[in-house]
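Below: the structure, in structure tokens.
Remember, predicted model here, so these are calculated numbers, not experimental data. Note that the numbering runs from 1 along the sequence shown for the chain.
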Amino acid sequence: MFFHTRVSCMQSPVRCVTAMTVFFPLDTARLRLQVDEKRKAKSTPAILSEIIKEEGLLAPYRGWFPVICSLCCSNFVYFYCFHSLKATWLQGQRSTPGRDLVIGIAAGVVNVLVTTPLWVVNTRLKLQGAKFRNEDIQPTHYRGIMDAFAQIMQQEGVGALWNGTFPSLLLVLNPAVQFMIYEGLKRHLLRGVNRELSSVEVFLIGAIAKAIATTITYPLQTVQSVLRFGQHGRPADQSKLLNSLRSVMYLLINRVRKWGMLGLFKGLEAKLLQTVLTAALMFLLYEKIASTTFRVMGVKRTVTSH
């Protein structure tokens, strides 16, 4: 279940793209609140209303195409690595949740290292043309994905394409946290009962586990977005690893000093809405598609459990 979202995207790209498109404005609101420190944290509808009023009706969908491209590439890299590593390690042996978890984390690390440049460009393009409250943010002028790659390498160096890699690597643990919570809730529901979970129960505890995991790791997601955007004060150090560690700590501490602990969670409402509603829509689409398929085939669908 902790790979549910990725598996769903891989098995049905139409469902994944549909869900991402429908709730894309929520991600826009989340990103603005993370990056623009001077934008006040209001309700998600209020933030989206401001963006539309200031920048136009289509502004919440700015950067949609690069995100979809990045998502498709990321899922391909992740699943190619996951299944390759699994086949190499297991060699015919039975898979276990523990082994799947380790292989999943390894595949996630490879995915981060390979696709981070795509997400850096994607973040820049999503924020291009935004009306920031923070006057210190310098506007960018990219003509597209390839031009963004070229300008970043020319002006900031090739290494800038991997901005935010360190928090991204830490966020690979997000599915592990989600899996741990999911299994705990599952054990609680099944305690003393000899049955399997229904599809609705699987969806509900999956959504709860995802929401908790997202909340716990959200400060790292905020730092990740700020680093990818590239306009932040960062400590200079000869060691890239030490510099990355100091950048993460600097941004976390600086945000707490300015806004308090709640400053680490600006945009969380939009992120949780996007996460839960996307899961709900994909679950609904799955049920509708499955039901239609069985009806067309003339087969009576039995109630299954997960």
key: Pro167 vs Leu227 side-chain heavy atoms within contact, under 4.5 Å   = yes
query = Would you say the side-chain atoms of Gln274 pair up with the backbone N or O of Phe24, donor to acceptor, closer than 3.5 Å?
reply = no
Side chain Asp36, main chain Arg32, donor-acceptor under 3.5 Å = no
message = Taking Lys38 first and then Glu135, would you say they form a salt bridge - that is, a charged N and a carboxylate O separated by under 4.0 Å?
response = yes
note = Heavy-atom closest pair (Pro60 atom, Thr28 atom, distance to 0.1 Å) is O-OG1, 2.5 Å
ask   = Are there more than 12 heavy atoms of other residues, nucleotides or ligands under 6.0 Å from atom NZ of Lys53?
value = no
query = Same cluster or not: are Leu264 and Trp259 linked, directly or through other Ile, Leu, Val, Met, Phe, Trp or Tyr residues, by side-chain heavy atoms under 4.5 angstrom apart?
reply = no
request  = May I ask you to decide if Thr21's main-chain N or O and Tyr61's side chain share a donor-acceptor pair within less than 3.5 Å?
outcome  = yes
query = Got a second to check how far Leu173's CG is from Met180's CE, nearest 0.5 Å?
reply = 10.5 Å
Show me the donor-acceptor pairs, under 3.5 Å and distance only, between side chains in residues 116-123 and residues at least two apart or in other chains.
from   : atom 1 : to     : atom 2 : distance (Å)
Thr116 : OG1    : Val112 : O      : 2.5
Thr123 : OG1    : Trp119 : O      : 2.8

remark   = Taken to the nearest 0.5 Å, the spacing of Thr165 OG1 from Leu170 CG works out to 11.0 Å
query = Between Glu50 and Arg39, is there a salt bridge with N-O shorter than 4.0 Å?
reply = yes
request  = Can you sort out the partners of Asp27 under side-chain hydrogen bond (donor to acceptor under 3.5 Å, both in side chains), two or more places apart, ordered by chain and number?
outcome  = Arg30, Lys126
N/O donor-acceptor pair under 3.5 Å between Thr88 side chain and Ser84 backbone = yes
message = Please determine whether residues Ile51 and Leu58 belong to a single hydrophobic cluster, defined as Ile, Leu, Val, Met, Phe, Trp and Tyr linked transitively by side-chain heavy-atom distances below 4.5 Å.
response = no
request  = With rounding to the nearest 0.5 Å, note down the distance linking OG in Ser168 to CG in Asn111.
outcome  = 10.0 Å
ask   = If Ile, Leu, Val, Met, Phe, Trp and Tyr residues are connected whenever their side-chain heavy atoms lie under 4.5 Å apart, and connections chain through other members, are Ile205 and Leu190 in the same group?
value = yes
key: Residues that Thr215 engages under side chain to side chain contact (heavy atoms under 4.5 Å, CB included), provided they are two or more places apart   = Phe265, Leu268, Leu272
task = Nearest 0.5 Å please: distance from the OG1 atom of Thr140 over to the CG atom of Leu125.
result = 7.5 Å
request  = Indicate yes or no: at least one non-hydrogen side-chain atom of Ser198 is less than 4.5 angstrom from one of Val202.
outcome  = no
ask   = Around Glu54, counting heavy atoms of other residues, nucleotides and ligands shown, do more than 12 lie under 6.0 Å from its CD?
value = yes
Validation row: Asn174, Lys210 side chains within 4.5 angstrom (heavy atoms) = yes
note = Those residues at least two apart in sequence (or on a different chain) that pass side-chain hydrogen bond (donor to acceptor under 3.5 Å, both in side chains) with Arg255 are none
message = Classify the ring geometry of Phe82 against Phe79: parallel below 30°, tilted from 30° to 60°, perpendicular beyond 60°.
response = perpendicular
query = Is Ile145 reachable from Leu161 through a run of hydrophobic residues whose side-chain heavy atoms are each under 4.5 Å from the next?
reply = yes
key: Minimum-distance pair of heavy atoms, taken over all atoms of Leu48 and Ala29   = CD2-CB, 4.0 Å
query = Passes side-chain contact (heavy atoms from CB on, under 4.5 Å), Phe166 versus Val223? Steps please.
reply = CA-CA 10 Å; Phe166 184 71; Val223 170; over 6 Å; no
request  = Please answer whether the main-chain N or O of Pro219 pairs with a side-chain N or O of Gln224 as donor and acceptor at a distance below 3.5 Å.
outcome  = no
Residues Asn163, Arg124; criterion side-chain contact (heavy atoms from CB on, under 4.5 Å); working and verdict = CA-CA 12 Å; Asn163 282 348; Arg124 305 285 184 97; 4.0 Å; yes
key: Linked, directly or transitively: Tyr78 and Trp89 (ILVMFWY side chains, under 4.5 Å)   = yes
message = Contact between Gln34 and Leu31 at the side-chain level, heavy atoms closer than 4.5 Å - yes or no?
response = yes
remark   = The remaining residues in the hydrophobic cluster of Ile253, counting side-chain heavy-atom contacts under 4.5 Å among Ile, Leu, Val, Met, Phe, Trp and Tyr, are Met249
request  = Could you tell me whether a side-chain N or O of Trp162 sits under 3.5 Å from a main-chain N or O of Leu113, the two making a donor and an acceptor?
outcome  = yes
Ile208 vs Tyr182 side-chain heavy atoms within contact, under 4.5 Å = no
query = Closest heavy-atom contact between Ala160 and Ile152?
reply = CB-CG2, 3.8 Å
remark   = Separation between CG (Leu273) and CG (Leu26), nearest 0.5 Å, reads 6.0 Å
inquiry  = Within the supplied structure, the quantity of interest is the number of heavy atoms (other residues, nucleotides, ligands) at a distance under 6.0 Å from Leu262 CG; does it exceed 12?
reply    = no
message = What's the separation between atom NE2 in His83 and atom NZ in Lys86, rounded to the nearest 0.5 Å?
response = 7.0 Å
ask   = Going by an N to O cut-off under 4.0 Å, is there a salt bridge joining Glu37 and Lys266?
value = no
Any donor-acceptor pair under 3.5 Å from Glu55 side chain to Lys131 backbone = yes
remark   = ring-ring contact (aromatic ring centres under 6.0 Å, His included) filter on Tyr218, not counting sequence neighbours, yields none
ask   = Counting only heavy atoms not in Phe65, do more than 12 sit closer than 6.0 Å to its CZ atom?
value = no
task = Determine the minimum heavy-atom distance between Leu85 and Ala106, stating which atoms define it.
result = CD1-CB, 3.9 Å
